[in-house]
Amino acid sequence: MQNKKNIKPGFEVIEPTFGSSFYYSKYIENHNNKAHVWHYHPEIEMVFVNGGSGKRQIGSHISYYTEGDLILIGSNLPHCGFTDTNTGNKNETVIQMKDDFLGKDFLGLQETKSISDLFNKAKGGIAFGQKTKDAVGHKIELMDEQEPFERLLTLLSVLKELEHAGDYKILNAAGFSMEMQIQDNDRINMAFNYVKDHFQEEINLIAIAEMSSMTVPSFCRYFKKITKKTFTQFVNEYRIVHASKLLAEKQTSVANISYESGFNNFSHFNKVFKEFTGKSASQYRKELTAVFK
């Protein structure tokens, strides 16, 4: 069994950018390589990926994004990094802020209370659509060149636009984040990291339950209570999203991709893939290829 230390969830300590009340960093291409294990932090996080495609792993939600991404992640919501060497993005910008980064009373003002509503929605993780990405992406990147006061004004402007956006999706079921205490975060992150490291193998549920100091039935009930999905469903979704990534990025047979994604039965892979995406793997690849031509 893998040593617990290797899959312990990361609690990330974040310091505001010098001269600012929040953290801001813009990375060229895929150079933000510090966050590729499941981790969490009390700060709300906004990530703008300019172009490219990759995995979106937030809470118990896993999906594959194309044409860049714009997401808002609530406090202590576990997540992974969003870019790697195959993403093909131009830049990735990360902004992290406490919910009271402008003071405890600021978001209670008439002019700003809608931003508080946005932060509340972000507890489940929010992914924004192309219209909003186009509207605010350049503003987020321009903050890199601004002085602290101007950067703050731009951030407030971006948050206001996100609050009014209509093209968004809440990624996790209601209550996912709100039910989680720090101990829950540690246990769930440990399970997430185990799946991340072992999804191409047969998943050892007994090992995960032991690491969580639970019996297998107790762990399964606990996992569903916290994530709103069964552990088997989570593992299958992780494997299918990895397969989606390979279908877009790797020129090999669908059968090979199914095995590389942890499925040891090709017909089962086809069944699960269609249930998850609404189409067969070959149809998915054909449609994705047409988009990028």
Side-chain angles (χ1 to χ4, degrees), residues 9-17 19-27 32 34-35 37-49 56-61 65 69-83 92-109 111-129 132-133 135-137 139-141 143-144 148 151-165 167-182 184-185 188-189 192:
F11 177 85
E12 187 176 1
V13 177
I14 295 165
E15 294 293 336
T17 303
S20 295
S21 53
F22 59 93
Y23 173 86
Y24 177 95
S25 190
K26 182 179 173 184
Y27 302 90
N32 182 19
K34 66 178 183 178
V37 295
W38 293 93
H39 64 284
Y40 62 95
H41 41 73
E43 290 79 6
I44 295 157
E45 181 169 323
M46 183 191 305
V47 180
F48 174 59
V49 181
R56 180 194 292 137
Q57 304 172 62
I58 302 169
S60 63
H61 172 91
Y65 67 83
D69 207 11
L70 175 60
I71 50 182
L72 194 65
I73 305 166
S75 175
N76 288 323
L77 182 59
H79 55 283
C80 269
F82 303 97
T83 61
E92 179 185 9
T93 307
V94 177
I95 300 171
Q96 294 160 323
M97 69 212 101
K98 294 275 180 67
D99 57 358
D100 60 351
F101 74 109
L102 291 173
K104 295 190 180 299
D105 297 326
F106 184 78
L107 293 183
L109 300 174
E111 296 87 346
T112 56
K113 65 180 182 179
S114 60
I115 296 175
S116 181
D117 295 337
L118 175 69
F119 287 170
N120 193 49
K121 282 194 294 190
K123 289 178 179 178
I126 309 172
F128 295 92
T132 301
K133 283 188 285 187
V136 304
K139 292 183 181 181
I140 292 171
E141 291 193 328
M143 290 168 69
D144 189 44
R151 181 182 285 178
L152 173 61
L153 294 180
T154 302
L155 175 59
L156 291 174
S157 171
V158 167
L159 289 172
K160 193 69 175 175
E161 288 196 57
L162 295 185
E163 197 280 323
H164 286 299
D167 58 333
Y168 70 88
K169 178 182 179 183
I170 306 293
L171 301 178
N172 287 279
F176 174 87
S177 176
M178 289 179 281
E179 289 185 17
M180 292 185 73
Q181 306 299 319
I182 295 302
D184 291 325
N185 248 323
I188 291 299
N189 271 272
F192 287 175

Quick one: do Thr93 and Met143 satisfy side-chain contact (heavy atoms from CB on, under 4.5 Å)? Show the steps, please. CA-CA 10 Å; Thr93 307; Met143 290 168 69; over 6 Å; no
For Ser20 versus Pro148, what's the shortest heavy-atom pair and its separation? OG-CB, 4.0 Å
With side chains defined as the heavy atoms from C-beta onward, is the minimum distance between Leu102 and Thr112 less than 4.5 Å? no
What I'd like to find out is whether the side chain of Asn120 reaches to under 4.5 Å of the side chain of Lys123, using heavy atoms alone. yes
Please examine the side chains of Leu107 and Phe119, heavy atoms only from C-beta on, and report whether any two atoms are closer than 4.5 Å. yes
For residues Met97 and Phe22, report the shortest heavy-atom separation together with the two atoms involved. CB-CB, 3.8 Å
Where Gly59 and Phe192 come nearest, the two heavy atoms and their spacing: O-CE1, 3.1 Å
Within the distance-only criterion (no hydrogens, no angle test), does the side chain of Asn172 pair as donor or acceptor with the backbone N or O of Ser60 below 3.5 angstrom? yes
What's the separation between atom NE2 in His164 and atom OG1 in Thr132, rounded to the nearest 0.5 Å? 12.0 Å
Mind checking the CD1-CG spacing from Ile170 to Leu72? Nearest 0.5 Å is all I need. 9.5 Å
Would you say the side-chain atoms of Tyr65 pair up with the backbone N or O of Leu70, donor to acceptor, closer than 3.5 Å? no
His79 versus Ile71: any side-chain heavy-atom pair under 4.5 Å? no
CG of Leu162 to NZ of Lys121, rounded to nearest 0.5 Å, is 9.5 Å
Tell me, do Tyr24 and Thr154 make a side-chain contact under 4.5 Å, heavy atoms counted? no
Using a 4.5 Å cut-off on heavy atoms from C-beta on, say whether the side chain of Leu152 contacts that of Phe101. yes
Quick one: are Ser114 and Lys160 in side-chain contact, heavy atoms under 4.5 Å? yes
Do Met46 and Leu159 pass the side-chain contact (heavy atoms from CB on, under 4.5 Å) test, and can you show the C-alpha distance, the side-chain angles, and the key distance before you say yes or no? CA-CA 10 Å; Met46 183 191 305; Leu159 289 172; 3.7 Å; yes
Do Lys133 and Asp167 make a side-chain contact, defined as non-hydrogen atoms from C-beta onward lying under 4.5 Å apart? no
Sorted by chain and residue number, the side chain to side chain contact (heavy atoms under 4.5 Å, CB included) partners of Glu161 (sequence neighbours excluded) come out as Ala135, Val136, Lys139, Ser157
First locate atom CD1 of Ile44, then atom NZ of Lys98, and finally report the distance between them rounded to the nearest 0.5 Å. 10.5 Å
Which heavy atom of Leu77 sits nearest to which heavy atom of Gly125, and what is that distance? CD2-N, 3.5 Å
Euclidean distance, Asp144 CG relative to Lys26 NZ, rounded to 0.5 Å: 5.0 Å
What is the minimum heavy-atom distance between Gln57 and Phe82, and which atoms define it? N-CE2, 4.1 Å
If only atom types and distance count, is the side chain of Asp69 paired as donor or acceptor with the main-chain N or O of Val47 below 3.5 Å? no
What orientation do His41 and His39 show, parallel under 30°, tilted 30 to 60°, or perpendicular over 60°? tilted
Kindly indicate, with the supporting measurements, whether the criterion side-chain contact (heavy atoms from CB on, under 4.5 Å) is fulfilled by Val49 and Arg56. CA-CA 11 Å; Val49 181; Arg56 180 194 292 137; over 6 Å; no
Please state whether the rings of Tyr168 and Phe128 are parallel, tilted or perpendicular, taking 30° and 60° as the class boundaries. tilted
